[in-house]
Amino acid sequence: MTDIIKHRGIVENIKGSHVVVRITQTSACAACSVKGHCNASESKDKLIDVFDTKASSYQVGEEVMLYGTTSMGMQAVLLAFGVPFLILLITLFVTMRLTDGNELRSAIISLLALVPYYLIIYVCRNKLSKKFSFTLEPIK
């Protein structure tokens with residue numbers, strides 16, 4: 001069974017089947033009763049792109065519920081942080097071995113090794129946007 005992530009949001013913009021939803025992301029302590037006296041609480045507005053065939057049924061300013069899965073979030077974290085970290089580490093150790101410990105050259109080569117990865121991510125962005133998609137439901 002997949003866990004569902006839910007966020008309340010407000011429709012900001014609608015163009016065809018593309019809906020932009022604004023959500024407020026809060027830290028765990030943002031709901032605390034003493035948050036006004038503490039520097040740890042914070043919240044940020046985020047804009048989420050949703051492709052929905054029923055986009056015309058929503059209106060700008062309407063409150064909606066945005067749904068995603070935790071597995072989708074974990075895959076996004078893996079693609080954004082895990083894979084680049086592994087590429088960086090593996091390349092660094094291999095080039096350190098090949099360059100007889102030249103740290104500067106190894107570091108530059110390791111950073112440059114990330115360029116093809118991010119180019120592949122950029123080329124596959126349409127496919128990834130379909131894989132990492134959210135669903136909307138109106139709040140009644």
Side-chain angles (χ1 to χ4, degrees):
M1 182 176 154
T2 61
D3 294 334
I4 302 294
I5 300 170
K6 297 190 282 187
H7 278 286
R8 270 184 187 261
I10 297 174
V11 175
E12 286 286 312
N13 194 359
I14 302 169
K15 287 184 182 173
S17 64
H18 178 239
V19 181
V20 178
V21 178
R22 180 175 35 89
I23 64 169
T24 302
Q25 182 182 24
T26 57
S27 65
C29 55
C32 179
S33 61
V34 293
K35 69 179 178 185
H37 305 290
C38 178
N39 293 332
S41 72
E42 63 180 56
S43 65
K44 293 187 229 174
D45 282 348
K46 302 246 181 187
L47 295 176
I48 307 295
D49 294 325
V50 180
F51 294 95
D52 194 342
T53 56
K54 302 177 289 178
S56 60
S57 65
Y58 299 106
Q59 295 178 355
V60 174
E62 181 179 1
E63 199 169 16
V64 293
M65 190 63 77
L66 190 66
Y67 293 97
T69 61
T70 53
S71 65
M72 181 176 66
M74 293 299 178
Q75 288 175 353
V77 169
L78 183 67
L79 283 175
F81 300 108
V83 173
F85 181 71
L86 286 176
I87 291 171
L88 196 67
L89 274 182
I90 291 169
T91 308
L92 182 64
F93 286 125
V94 168
T95 55
M96 283 289 287
R97 186 86 161 161
L98 295 175
T99 61
D100 294 325
N102 187 331
E103 293 175 2
L104 180 62
R105 183 176 294 153
S106 298
I108 291 171
I109 292 170
S110 296
L111 289 173
L112 289 175
L114 293 175
V115 172
Y117 175 74
Y118 286 116
L119 285 175
I120 291 169
I121 293 291
Y122 181 76
V123 168
C124 297
R125 69 186 180 280
N126 291 332
K127 185 177 179 182
L128 289 172
S129 71
K130 291 176 186 167
K131 183 176 183 177
F132 298 111
S133 63
F134 293 94
T135 56
L136 285 178
E137 276 186 18
I139 296 177
K140 296 178 185 177

Give the minimum heavy-atom separation between P84 and A80, together with the two atoms involved.
CG-O, 3.5 Å

By salt bridge (Lys or Arg N to Asp or Glu O under 4.0 Å), which residues pair with E62, not counting sequence neighbours?
none

Donor-acceptor pairs under 3.5 Å, side chain of residues 101-110 to any protein atom, not counting sequence neighbours: which ones?
from: N102; atom 1: OD1; to: L104; atom 2: N; distance (Å): 3.4
from: N102; atom 1: OD1; to: R105; atom 2: N; distance (Å): 3.2
from: S106; atom 1: OG; to: T95; atom 2: O; distance (Å): 3.4
from: S106; atom 1: OG; to: M96; atom 2: N; distance (Å): 3.3
from: S106; atom 1: OG; to: T99; atom 2: OG1; distance (Å): 3.2
from: S106; atom 1: OG; to: N102; atom 2: O; distance (Å): 2.8
from: S110; atom 1: OG; to: L92; atom 2: N; distance (Å): 3.0
from: S110; atom 1: OG; to: S106; atom 2: O; distance (Å): 2.8

Look at the side-chain heavy atoms of Ile, Leu, Val, Met, Phe, Trp and Tyr, link any pair under 4.5 Å apart, and say whether Y118 and L128 land in one connected group.
yes

For H18, check ring pair (Phe, Tyr, Trp, His ring centres under 6.0 Å) against everything at least two apart and list the hits.
F51

Does Y58 reach the main-chain N or O of V64 with its side chain, forming a donor-acceptor pair under 3.5 Å?
no

Quick one: pull up CG in L136 and CG in L66 and give me the separation to the nearest 0.5 Å.
5.5 Å

Just jot down the side chain to side chain contact (heavy atoms under 4.5 Å, CB included) partners of I87, sequence neighbours excluded, or say none.
V83, T91, A113, L114, Y117

Contacts of F85 that satisfy ring pair (Phe, Tyr, Trp, His ring centres under 6.0 Å) - sequence neighbours left out
none

Atom pair OG1 (T69) and CE (M74), whose distance is rounded to the nearest 0.5 Å:
10.5 Å

Could you state the interatomic distance from CD1 (I23) to CE (M65), rounded to the nearest 0.5 Å?
11.5 Å

State which residues pass side chain to side chain contact (heavy atoms under 4.5 Å, CB included) with R22; sequence neighbours excluded, sorted by chain then number.
I10, E12, D45, L47

If you look only at pairs with a residue in residues 116-126, which of them pass as a salt bridge (charged side-chain N to carboxylate O under 4.0 Å, His left out), with sequence neighbours excluded?
none

Note, L88 side chain near L111 side chain (heavy atom, < 4.5 Å)
yes

Using side chain to side chain donor-acceptor pair (under 3.5 Å) as the criterion, list what pairs up with K131, not counting sequence neighbours.
none

Return the set of residues passing side chain to side chain contact (heavy atoms under 4.5 Å, CB included) with F81 (not counting sequence neighbours), or none when no residue passes.
V77

Please identify each residue that fulfils side chain to side chain contact (heavy atoms under 4.5 Å, CB included) with K15, with sequence neighbours left out.
N13

Just to verify, what does E63 make a salt bridge (Lys or Arg N to Asp or Glu O under 4.0 Å) with, not counting sequence neighbours?
R8

Cluster check I121, M72: I/L/V/M/F/W/Y, side chain < 4.5 angstrom:
yes

Could you list all the salt bridge (charged side-chain N to carboxylate O under 4.0 Å, His left out) pairs where at least one residue sits in residues 113-122, not counting sequence neighbours?
none

Could you walk me through whether V11 and V20 pass side-chain contact (heavy atoms from CB on, under 4.5 Å), step by step?
CA-CA 6 Å; V11 175; V20 178; over 6 Å; no

